[in-house]
Engineer: 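I am attaching a structure below and will ask some questions about it afterwards.
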Amino acid sequence: MASLDVGGVRLHYELSAAAGPPLVLVHGSWVDHTDWAPVAADLARDFQVLTYDRRGHSLSDRPAGQGSADEDAADLAALIEGLGLAPAHVAGNSFGAAISLRLASRRPSLFRSLNVHEPPLFGLLAAHPETREMAAAVAAAVGRVVERLVRGEMAAAAERFVDDVALGPGAWAGLPESLRAVLVNNAPTFLDETRDPEALMLDVAALGAFDRPLLLTGGSESPPPFAPVLDALARALPQARRHTFDGAGHLPHQSHPAAYAAQVRALCA
């Protein structure tokens, strides 16, 4: 992997050699650029694909002190501009989707299109009476993860996050050992994310000016709180298209790579 210095933080990335338009893939919490392996090679047939380890994850630097979603959005902008990829197609999963939306609300000129899958913007749920209880349940589940992280129980915290927040009961047991190791290694950065009061919020009104193709996707088998977040985004962003991956959950690029790649290509066409 190559690396780029962003304000003293080294971000490691891989950039395919294809001659097509640039496509940046932004991973979620706990994982790293290898999360995109099931689709990256396929998409590299048509796009110049950039994957990278977000700050605090795997090969990229983990700076001391409190981080923020704003820093992650600035990192994404720095990569797009520093590598000469602007404007780029961008696809984000989970917290990577939230980061991508944050940047799109501020610097739409960096984008050709934006494809986001289940951003955990649970702060949007707390603003509506009908979803307030669900938001509280998510906060309680994340709180149990944080308790384990604070005690230094990284593996136990990762298991609780996978089973209680992201993928559903019993999912941890089915993960390969290599992926479990990545999750445990990157666990401290999730603790940092939970301490950012703005991490799960978004200025949706600012996205109203985003005039590039925008796709909001979900999985039919995902944990319940993700769909209401997409509903809230769709209400605020009438220009966005919606798509549901039948039979998929929070990681369709892994469980249904062909279907995921097809949606990326359709949005970018």
Side-chain angles (χ1 to χ4, degrees), residues 1-4 6 11-29 31-55 57-60 72-119 207 210-219 237 239-243 245 248 250-269:
M1 294 183 74
S3 64
L4 183 73
V6 178
L11 300 178
H12 284 258
Y13 68 88
E14 287 189 354
L15 184 61
S16 70
L23 169 64
V24 183
L25 304 176
V26 189
H27 70 77
S29 300
V31 292
D32 59 24
H33 77 284
T34 61
D35 189 58
W36 295 106
V39 295
D42 178 14
L43 291 169
R45 294 188 291 115
D46 300 307
F47 301 95
Q48 188 180 18
V49 175
L50 172 69
T51 59
Y52 70 104
D53 291 347
R54 289 172 36 226
R55 65 169 60 207
H57 295 81
S58 296
L59 296 177
S60 289
D72 272 306
D75 288 347
L76 176 56
L79 283 162
I80 292 173
E81 292 183 302
L83 298 176
L85 304 179
H89 298 292
V90 177
N93 179 258
S94 192
F95 198 65
I99 291 165
S100 301
L101 285 164
R102 183 176 291 256
L103 181 60
S105 71
R106 298 171 179 179
R107 301 194 59 191
S109 64
L110 294 179
F111 293 76
R112 297 190 189 201
S113 70
L114 177 55
N115 182 330
V116 295
H117 185 79
E118 297 184 343
L207 266 173
F210 187 79
D211 60 356
R212 275 62 172 172
L214 174 58
L215 178 65
L216 308 173
T217 70
L237 304 170
Q239 76 273 35
R241 293 199 296 108
R242 288 283 297 270
H243 177 76
F245 291 101
H250 196 50
L251 304 173
H253 55 290
Q254 292 194 8
S255 63
H256 295 65
Y260 184 85
Q263 285 298 317
V264 170
R265 286 188 170 95
L267 184 67
C268 298

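Values reported hereafter were calculated over all heavy atoms of this structure, with side chains retained and with hydrogens, waters and symmetry mates removed.
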Engineer: Looking at S16 and V49, would you say the former's side chain and the latter's main chain have a donor-acceptor pair under 3.5 Å?
Structural biologist: yes
Engineer: Between S113 and V264, is there a side-chain heavy-atom distance shorter than 4.5 Å?
Structural biologist: no
Engineer: Applying salt bridge (charged side-chain N to carboxylate O under 4.0 Å, His left out), which residue pairs with at least one partner in residues 83-94 are found, sequence neighbours left out?
Structural biologist: none
Engineer: Given 3.5 Å as the limit, does a donor-acceptor pair link the side chain of R55 with the main chain of S60, or not?
Structural biologist: no
Engineer: Taking the six-membered ring for Trp, are F111 and F210 parallel (under 30°), tilted (30 to 60°) or perpendicular (over 60°)?
Structural biologist: perpendicular
Engineer: For a 4.5 angstrom cut-off between non-hydrogen side-chain atoms, does P38 reach H256?
Structural biologist: no
Engineer: Within the side chain of Q254, is there an N or O that forms a donor-acceptor pair under 3.5 Å with the backbone of D35?
Structural biologist: yes
Engineer: What is the distance from atom CD of E118 to atom OG1 of T217, rounded to the nearest 0.5 Å?
Structural biologist: 7.0 Å
Engineer: With no hydrogens and no angle check, just 3.5 Å: does a side-chain donor-acceptor pair link H250 and S94?
Structural biologist: yes
Engineer: What's the separation between atom OG1 in T34 and atom NE2 in H57, rounded to the nearest 0.5 Å?
Structural biologist: 11.5 Å
Engineer: Nearest heavy-atom pair of D42 and A261: which atoms, and what distance?
Structural biologist: OD2-CB, 3.5 Å
Engineer: Would you please classify the geometry between the H27 ring and the Y52 ring as parallel, tilted or perpendicular, with 30° and 60° separating the classes?
Structural biologist: tilted
Engineer: Test of understanding: with side-chain hydrogen bond (donor to acceptor under 3.5 Å, both in side chains), list the residues that count as partners of D46, not counting sequence neighbours.
Structural biologist: R265
Engineer: Measuring only between side-chain heavy atoms, which start at C-beta, is P21 closer than 4.5 Å to H89?
Structural biologist: yes
Engineer: Going through the checks in order, is the side-chain contact (heavy atoms from CB on, under 4.5 Å) test met by L215 and H243?
Structural biologist: CA-CA 7 Å; L215 178 65; H243 177 76; 4.1 Å; yes
Engineer: Taking T51 for its side chain and H33 for its backbone only, find out whether a donor-acceptor pair lies under 3.5 Å.
Structural biologist: no
Engineer: Taking the side chain as every heavy atom from C-beta outward, state whether H117 and Q263 have any pair of such atoms under 4.5 Å apart.
Structural biologist: no
Engineer: Under the side-chain contact (heavy atoms from CB on, under 4.5 Å) rule, what do V26 and R54 come out as? Steps first, then yes or no, please.
Structural biologist: CA-CA 8 Å; V26 189; R54 289 172 36 226; 4.1 Å; yes
Engineer: Can you name the nearest heavy-atom pair linking L4 to Y13, along with the distance?
Structural biologist: N-CE2, 3.9 Å
Engineer: Hey, are the side chains of Q48 and L85 touching, using non-hydrogen atoms and a 4.5 Å cut-off?
Structural biologist: yes
Engineer: With a 4.5 Å heavy-atom cut-off, do I80 and L76 have their side chains touching?
Structural biologist: yes
Engineer: Does the gap between the ring centers of W36 and H253 come in under 6.0 Å?
Structural biologist: yes
Engineer: Could you tell me the separation between the CG atom of L11 and the CG atom of L79, rounded to the nearest 0.5 Å?
Structural biologist: 5.5 Å
Engineer: Determine whether L59 and D32 make a side-chain contact, defined as any pair of heavy atoms from C-beta on separated by less than 4.5 Å.
Structural biologist: no
